[in-house]
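Worksheet: one structure, shown below.
These numbers were taken from a predicted model, which means no experiment stands behind them.
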Amino acid sequence: MNQRELFTLLEASNDEDILRHFPSRYEDLNVTPLSNDPKDGQRFVVKGNVTNLKSFAARGTSLIRFKVAVFNGALISCILYNQPFYINKLSSHKELCFVMYYSDARKAYLVQSIHDLDSYYVMTGLKPVYNLPKGVSPSFFNNYVKKVLSYPREASYMVSRLPKGLIERYRFLNEFDAYRCVHLPRNKKDLDEGLRVFKYEEALSYCIKALAMKRKANARKRDEVTRIDHDEVNRFVKHLSYKLTGDQISAIRDIVLDMERDTIMYRLLQGDVGTGKTIVAFVSLYANYLRGKQGVLMAPTFELAIQHYENALKVFQDYDIHIGFMAGNKGTAKEKRDILNDLNNGYINILIATHSAISDKVVFKDLGLSIIDEQQLFGVEQREKLLLKGGSNDVLMMSATPIPRTLSQIVNADLDVTTLNQFPHGSRNVETRVIHSQDPLLMKAIEKALSVNRQVFIVAPKISDGTSKASSAESVYKDIEERFKDKVQLLHGKIKKETQDEIIKRFISNEKPILVSTTVIQVGIDVSTACLLIIYDANYFGLSTLHQLRGRVGRSGDFALALLVYDGNEKEAKEKLDFLASSNDGLAIAQFDLKQRGSGSYSGTNQSGKSELMVCNFVDDLKMFEYAKQDASYILDHPSEKDHAQYLKSIDMDEKLNLG
């Protein structure tokens, strides 16, 4: 590997981009005492010499067995899987440092990594661990970082982006020392001081961008205020085929009152999976229709958009309301032209669409309300485009990732927030377990569900077998079909829409009660009688995705079971899955997810990908965000001050604030 290959694979243009590839975690290399009664999976760090070294290779798997003589003379049995490159180090007759986990099944220690005693990381007791793309050698990356950090401190990119006043106020390290403390920490205190700099940089940048968007929304005034007939809204609600919860009624009241104010509504409706956000959106669209305005509901996926469209046709079937549907490449050229014309001349009252709604070709005659479902999956640029479509249209964003109000004030930049806590059928009764793929409970649970005429969702991370080891829907389907024959169907995004509709109909009618799929079922399929969810290789999914998938079962309020299949022993993955198994609380799950994965990219257009927040998170660093929010407000109030103007330019905010 060489420097050019490293830069290409990490999408870096200079050395600072390499230094900005921060460690994902730190491995503790301080020696731990061995236990006379080690627990399965217990972690140990030992130093010792290798004896009884034996190496095996068969069927693409390498196995190295050896013993380690530790400081008290004891010999412990060790196994090393699929890391043949360690054989030379093990044969060197040198005393080494071993990181390992005890396996009760093998009565031996499974070695994870091996280090020389004169290694910088062994001497300091802290080793940074990086998430590197395939093809990047960890040793080459580590050596390159050390090389960069040996440069003179005068290197131009070592200058902090932060305003000098804030550096002095909070006594931050200079940028060069902060990089060294993060990549080559001498101790825990060193590491904390370095991380403190970059955590604050991320928090301030996030708060600047979030507050700027909020201020832009607040500055917009309504051209004219139109009163909404509350009695008509109440009659619409009473005409529904089901009774709304108290939370839903309160949410509708808040939204209707917002739509009657002279300032533009900018509200977030959040609620756990299954709390009924969609019907609140439909009632809001009806209230908007009563004031003679057009409305649009934008969803992140075709599957969710078409579900909303079909539900809207049912909800509004007794009303003279024209509903249009638009989704990317779907439909003929003539159908698209007709939709665009009908929007432009005002014939369409409500448009249900994917991100195609923000296309410049889409022009409304009089847009009054924009609703963005799963708003965390859209970037701020996409949201702003929809916000500006009507000039003075109200904006309602929806999210199935509820977070506490204090946290929401930071994450959502002081948006007006309405939270749905109540479930239409009372509390959910879904038990969640983490199991191995060979656990007999898997098949027993499917047989039990079929015996009581209930449906089963089975989810895999990908469609077909490929380079990654994750289970595919196609391979899982073959396995399940062998046992349950014609009761099984396969569903994924590459299947034609017409065929997908037939598959879902057969599943809902219970004609074929087992559905093997990818995450296309995450949103948009409501089967109240489904009682079993099985997710293969659950570690490949984010926590919020897993929680949303779990929301597919138990929707009737009856008992349901979710089985998370995981055969690995990665600590972070086990923690995530165990946490989900122990909690049905959407608030707690969202907090845990924010802590592990960040928020998504607030300023970008793809929020389902990597987060802007690489070193800080909203849960552990909430206090830092509170300070950053105050500082962001001051900077936005005084954008022309020299330090502030330079800082805003460094984060690409100068043009958006018209600083030139």
Side-chain angles (χ1 to χ4, degrees), residues 24-25 41 81-82 112 129-136 273 300-301 303 374 376-377 400-401 430 432-439 441-442 456-480 490-494 515-525 532-553 561-583 589-590 592-601 606-611 614 617:
S24 57
R25 61 183 178 88
Y81 284 108
N82 294 326
Q112 182 185 59
V129 179
Y130 301 88
N131 284 331
L132 297 170
K134 189 176 181 181
V136 175
V273 180
T301 66
E303 290 77 18
E374 300 296 340
Q376 72 279 5
L377 298 180
T401 307
V430 181
T432 306
R433 298 188 197 177
V434 182
I435 64 171
H436 290 281
S437 58
Q438 300 306 312
D439 194 315
L441 176 60
L442 258 178
V456 178
F457 286 108
I458 302 177
V459 179
K462 60 183 184 178
I463 295 174
S464 55
D465 291 333
T467 53
S468 76
K469 295 179 180 178
S471 300
S472 71
E474 289 178 351
S475 62
V476 171
Y477 170 73
K478 288 177 183 176
D479 291 341
I480 301 296
L490 174 65
L491 176 70
H492 55 72
K494 291 186 177 180
L515 186 65
V516 179
S517 76
T518 56
T519 53
V520 294
I521 62 123
Q522 181 179 340
V523 289
I525 298 180
L532 176 62
L533 169 72
I534 300 170
I535 304 176
Y536 279 83
D537 288 317
N539 55 303
Y540 280 87
F541 301 100
L543 197 58
S544 291
T545 297
L546 290 171
H547 185 50
Q548 278 210 324
L549 286 169
R550 184 169 60 178
R552 296 302 100 201
V553 295
L561 180 64
L563 300 177
L564 310 177
V565 181
Y566 179 55
D567 291 333
N569 57 10
E570 186 183 326
K571 182 182 177 183
E572 192 172 295
K574 291 178 75 172
E575 282 181 355
K576 175 179 74 177
L577 299 180
D578 287 342
F579 182 84
L580 187 69
S582 68
S583 177
I589 290 166
F592 192 94
D593 204 32
L594 281 171
K595 180 176 178 178
Q596 278 207 327
R597 304 200 320 146
S599 68
S601 172
N606 180 11
Q607 289 214 313
S608 58
K610 65 182 181 180
S611 169
M614 305 303 293
N617 67 72

Taking the side chain from [X] and the backbone from [Y], do they hold a donor-acceptor pair closer than 3.5 Å?
X	Y	result
R550	L580	yes
H436	Q438	no
D567	S437	yes
D537	S471	yes

Open item on the list: In the structure I gave you, are the side-chain heavy atoms of F541 and V459 within less than 4.5 Å of one another anywhere?
Closed with: yes

TODO: Could you check if a side-chain atom of E474 sits within less than 4.5 angstrom of a side-chain atom of I463, using non-hydrogen atoms only?
DONE: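 With C-beta onward as the side chain, the pair touches.
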
Using the side chain to side chain contact (heavy atoms under 4.5 Å, CB included) rule, pick out the option among [options] that qualifies with [X].
X	options	result
L563	L441, I535, I458, D439	L441
L577	V565, I435, L546	L546
L532	V553, V456, L442	V456

To the nearest 0.5 angstrom, please state how far the [atom1] atom of [X] sits from the [atom2] atom of [Y].
X	Y	atom1	atom2	answer
K462	Y536	NZ	OH	15.0 Å
T432	L561	OG1	CG	7.5 Å
L533	L515	CG	CG	11.0 Å

Which heavy atom of [X] sits nearest a heavy atom of [Y], and at what distance?
X	Y	answer
A460	V476	CB-CG2, 4.4 Å
S472	S464	CB-C, 3.3 Å
V516	Y477	CG1-N, 3.9 Å

